[in-house]
Amino acid sequence: MHEELLRLKEEALKDIAEAEELKSLQDIRVRYLGKKGLVTEKLKGIAGLSKQERPEFGRVLNEIKALIESSISRKEDILKAADKQRMLRSEAVDISLPGYFTTIGREHPISKILSEITQVFTSLGFTVEEGPEVESDYYNFEALNIPKDHPARDMQDTFYISDDILLRTHTSPVQVRVMERQRPPLRVIAPGKVYRCDSDITHTPMFHQVEGFMVDTDIRFSDLKGILELFIHAMFGPETSIRFRPSFFPFTEPSAEIDIGCVLCFGAGCKVCKDTGWLEILGAGMINPRVFEMVHYDPEIYTGFAFGMGVERITMLKYGIDDIRLFFENDIRFLEQF
Ligand code: PHE
């Protein structure tokens, strides 16, 4: 009978020794010590033994039970510790690896020059207004004294959406929109995108303009000159020479184109200024009385000037960039230089 108990003990200890995970250790506990476990069954069997046998059998069996219990819990500690080690090893972080770098974006050169231009004019008391890029023929042409069949329409290759709706070819329609809803005195700039069916190294189908205008009872050509001179000197430096050339726009009369001394060759003559020593940067003039009539301003009372400039062109001249397409190709190597 003792031998039977001894075998039970050996078997249990062997099972415990061989258990490799907590789960199988739990099974062993159930198999030996559970309600129907091998040790438990033996304990129940005590009742069937003779009086003499009982104490000795019970003592040995209890010893075995205690031994199995303590062996299981010791093994449990060992397996838990091993589990923890394994987890620590698998979750280890190699802090010697280099980190991930995030690249930080930069202001696009066009946005940069746009905000510089805006800054100059707002410091002179101009407010900023916007208008729609999808515009009607009326605001883009008619109200600016460019009737249908007027040859000046050829100056701008227009993207038409329907007979009456188009992509604005310039920011001048904002003049009309603002004058329709506000009364003088007005001091406004209107920056924005414009569209022309044109594409080469100095033209893209979409580009940016800044329109500017001032309307009051006593605005003269000399005001236009003064404001533009101040602007040009703020943008290109106080040494920059300026030239007004007579020109034509249907919505201004008289009209002028404004040149600055070539910022690349300083007048000596180069490819960019086509050996003239001058660069055209602005169109301007006194607002045509016909335009005032369209917005029900009395031309006998009000006068005003307007001007428009291409932001890409100004940016190219300021930074010496010779291909306008670079602005829209999103080449990081180009954009990082500003
Ligand atoms: N709208 C003209 C253009 O796009 C520029 C301009 C604006 C000229 C205002 C005179 C007055 O060429």
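Not measured: the values here are computed from a predicted model. Read the numbers this way: they start at 1 and go in the same order the structure lists the ligands and their atoms.
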Step by step, work out the ring pair (Phe, Tyr, Trp, His ring centres under 6.0 Å) result for Y302 and F292.
CA-CA 8 Å; Y302 295 114; F292 282 146; 7.1 Å; no

Out of G308, G285, S247, whose heavy atom sits nearest atom 6 (C) of ligand 1?
G308

For this output row, return yes or no: ring centroids of Y319 and F338 closer than 6.0 angstrom.
yes

Minimum distance, heavy atoms only, to atom 3 (C) of ligand 1: which one of Q175, R196, R168 is it?
R196

Please work out whether the ring planes of F327 and H108 are parallel, tilted or perpendicular, with thresholds of 30° and 60°.
tilted

Just checking, R196 and F159: is the charged tip under 6.0 Å from the six-membered ring centre and within 45° of the axis?
no

Under 4.0 Å from any heavy atom of F307, which atoms of ligand 1 are there?
7 (C), 9 (C), 11 (C)

Taking both backbone and side-chain atoms of H170, is any N or O found less than 3.5 Å from an N or O belonging to ligand 1?
yes

Beyond-backbone contact of V215 with T303, side-chain heavy atoms, under 4.5 angstrom
no

Can you sort out which atoms of ligand 1 are near Q209, meaning under 4.0 Å from one of its heavy atoms?
3 (C), 4 (O)

Is it the case that K193 places NZ or CZ above or below the six-membered ring of F207, under 6.0 angstrom from the centre and within 45 degrees of the axis?
no

When you look for heavy atoms under 4.0 Å from ligand 1, do you find them on the side chain of A284, its backbone, both, or neither?
backbone

Could you list the atoms of ligand 1 found under 4.0 angstrom from a heavy atom of S172?
1 (N), 7 (C)

Shortest heavy-atom approach to atom 9 (C) of ligand 1 - which of M286, E211, M309, E257:
E211

List ligand 1 atoms under 4.0 Å from F251, heavy atoms only on the residue side.
1 (N), 2 (C), 6 (C), 7 (C), 8 (C), 9 (C), 10 (C), 11 (C)

If we ignore hydrogens and angles and just use 3.5 Å, is the side chain of K318 paired with the main-chain N or O of F236 as donor and acceptor?
no

